[in-house]
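All chains are named by letter (A, B, ...) in the order of the sequence lines, taking the proteins before the strands, and each is independently numbered beginning at 1. Fair warning: this is a prediction, and the values are worked out from it, not measured in the lab. Heavy atoms only: backbone and side chains are in, while hydrogens, waters and symmetry mates are out.
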Protein chains: 2
Amino acid sequence: MSALQGAGYRSGGARRQVVEFLGRQDCALTALEIDQGLPGVGRASVYRALEQLEQLHLVQSLDVGRDAKGYERIDPGGEHHHHIVCSRCGKVVPFEDSRLERAIDAVASESGFDVRGHEVTLRGRCGPCSKLRS
Amino acid sequence: MSALQGAGYRSGGARRQVVEFLGRQDCALTALEIDQGLPGVGRASVYRALEQLEQLHLVQSLDVGRDAKGYERIDPGGEHHHHIVCSRCGKVVPFEDSRLERAIDAVASESGFDVRGHEVTLRGRCGPCSKLRS
DNA sequence: ATGACTGCAAAGCCTTTGCACGCAA
DNA sequence: TTGCGTGCAAAGGCTTTGCAGTCAT
């Protein structure tokens, strides 16, 4: 919010609601899920807010294999997590790993890019699904 | 191809063309780009082929931030790469890093999932774009 | 008062599905 | 001959855009 104001944005209701709603979630949600979770907010406003928030690096989008993109808030504290997705049942499990982060930081610093974020997704079958044949 | 036949698929023309076309590419392409690169192949066949090939782990899909998902062939040799995407101009640069792979393997083995693949994407600004203001 | 923000609705675009024909086995 | 594979076209679903009204500054 303060970051929003600092970036020259007015404290409009819709965008603030999106940020706060995402802040309450444990893991990524799709734009449509966010829209459904905010009955008073128009769908277009949700998409517009997500676009702006992503540019401000307050929100990160990621592909969890579902039909739509997922969005989640970036923790200002710097801690963040990644995801393991079950390709059969769609379950998404977050994880974090400092060794992985260090490896990514090393790559980023050698890349010639001004890297602002990253995303890691593992895909496979969760415990229960790996015991099934189909 | 042999892997296709082994999986019980017939050597239909469209699917084989998709595999071979992807094998010729250096980096990920969207389904539409693949369709455009294969004039004789119907769009639906491209999507259907990609879906099957992804299940067979011959092709991997990934989100490079563009409007559509990207697809690229999985190198049978085991070598694979990840991507850095410029969030301003959309440029995609592949990279590989063994330390990163090891960190991911460690996470995978502790996850309780039967992990079959993974995807890493770094986002930021490429050299030229990082020198621009907007 | 000004212009950013919002909601609604329509349009856009990628992707999926239905259906009949063709070809591999 | 069987039915998997394919192409075309239409439908589906997520996302974006246009527009006028509203609200923060």
Minimum heavy-atom distance between Ser111(A) and Val115(A), given as atom pair plus value: OG-CG2, 3.8 Å
Interatomic distance, [X] [atom1] vs [N] [atom2] [rounded to whole Å]:
X: Gln17(B); N: dT6(D); atom1: CD; atom2: C1'; result: 11 Å
X: Glu33(B); N: dC13(C); atom1: CD; atom2: C1'; result: 14 Å
X: Glu51(A); N: dT16(D); atom1: CD; atom2: C1'; result: 9 Å
X: Asp35(B); N: dT6(D); atom1: CG; atom2: P; result: 14 Å
X: Asp63(A); N: dC14(C); atom1: CG; atom2: P; result: 17 Å
X: Leu53(B); N: dT6(D); atom1: CG; atom2: C1'; result: 15 Å

All pairs passing ring pair (Phe, Tyr, Trp, His ring centres under 6.0 Å) where residues 16-72 of chain B contributes a residue, at least two apart: none
I need the [X] [atom1] to [Y] [atom2] distance, nearest 0.5 Å.
X: Glu72(B); Y: Leu62(B); atom1: CD; atom2: CG; value: 5.0 Å
X: Thr121(B); Y: Asp63(A); atom1: OG1; atom2: CG; value: 9.0 Å
X: Leu38(B); Y: Ser45(B); atom1: CG; atom2: OG; value: 10.5 Å

Partner set under salt bridge (Lys or Arg N to Asp or Glu O under 4.0 Å) for Glu119(A), not counting sequence neighbours: Arg123(B)
Crowding at CG, Asp75(B) (>12 non-hydrogen neighbours, <6.0 Å): yes
Difference in axis direction between the ends of the helix from dA1(C)-dT25(D) to dA25(C)-dT1(D), five pairs, 10°: 40°
Pairs where residues 92-107 of chain B contributes a residue and the test salt bridge (Lys or Arg N to Asp or Glu O under 4.0 Å) is met, not counting sequence neighbours: none
Listed once per pair and sorted, the salt bridge (Lys or Arg N to Asp or Glu O under 4.0 Å) pairs that draw on residues 107-117 of chain B, sequence neighbours left out: Asp114(B)-Arg116(B)
Short side-chain N/O contact to dG5(D) OP1/OP2 from Arg15(B), under 4.0 Å: yes
Base-contact (B) and sugar-phosphate-only (S) positions in nucleotides 9-15 of chain D, heavy-atom cut-off under 4.0 Å, - elsewhere: B----SB
base_contact_polar (dG5(D) base, Arg16(B) side chain, donor-acceptor, <3.5 Å): no
